[in-house]
Amino acid sequence: MRIRLSRTLTAAVAVLAAVAALPASAATADVPEPLPHTAAADHATYIVTVREEVDPAAVAERVGATPVHVYRTVLHGFAARLSPAQVEALREMQDVESVEEDGRAIGSGTGF
């Protein structure tokens, strides 16, 4: 047990020493660029409803959207930040029932 632990620690120290010796630019050189079809953070969030027999996540994937949430009970669809091109593509799909910009709901009446 002690021999195995000793060998493991020796290997761990060697790996840490090798990583520490890398130049700082090497640590950031392989950072991938964002995918071009990913909606920017400043794009609005939309609620997309799809037909019941269609997988909402699959519809989002078809336009390159990353869902913030996938709805499968009361509402069948997803919420995602979408570019104008993604919104247009979704509105043209037969599987999509609606594409609405997310907003604040304001109730009226009393009791709340």
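Everything numeric here is computed off the predicted structure, so don't read it as measured data. Counting begins at 1 with the first residue of the sequence.
- Test Glu92, Met93, Glu88 against Leu90 for side chain to side chain contact (heavy atoms under 4.5 Å, CB included) and you get one pass: Met93.
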Exercise. Going through the checks in order, is the side chain to side chain contact (heavy atoms under 4.5 Å, CB included) test met by Val48 and Arg91?
Worked result: CA-CA 9 Å; Val48 180; Arg91 287 186 171 147; over 6 Å; no
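- No continuous path of ILVMFWY side-chain contacts below 4.5 Å connects Leu75 to Val59, so the two sit in separate hydrophobic clusters.
- No donor-acceptor pair under 3.5 Å is formed between the side chain of Thr49 and the backbone N or O of Gly77.
- Taken to the nearest 0.5 Å, the CZ atom of Phe78 stands 11.5 Å off from the OG1 atom of Thr45.
- Linking Ile, Leu, Val, Met, Phe, Trp and Tyr whenever their side-chain heavy atoms come within less than 4.5 Å puts Tyr46 and Val70 in one cluster.
- Atom CD of Glu61 has 12 or fewer heavy atoms from other residues, nucleotides or ligands within 6.0 Å.
- Nearest heavy atoms, Arg62 versus Asp95: NH2-OD2, 2.9 Å.
- The number of heavy-atom neighbours closer than 6.0 Å to CD of Glu101, taken from other residues, nucleotides and ligands shown, is above 12.
- Across all their heavy atoms, Leu82 and Ala65 have their closest contact at CD2-CB, 3.6 Å.
- The side-chain heavy atoms of Gln86 and His43, taken from C-beta on, include no pair separated by under 4.5 Å.
- Clustering ILVMFWY residues whenever any of their side-chain heavy atoms sit less than 4.5 angstrom apart, transitively, puts Val87 in a cluster other than the one holding Ile47.
- A donor-acceptor pair under 3.5 Å links the side-chain atoms of His76 to the main chain of Val54, judged by distance alone.
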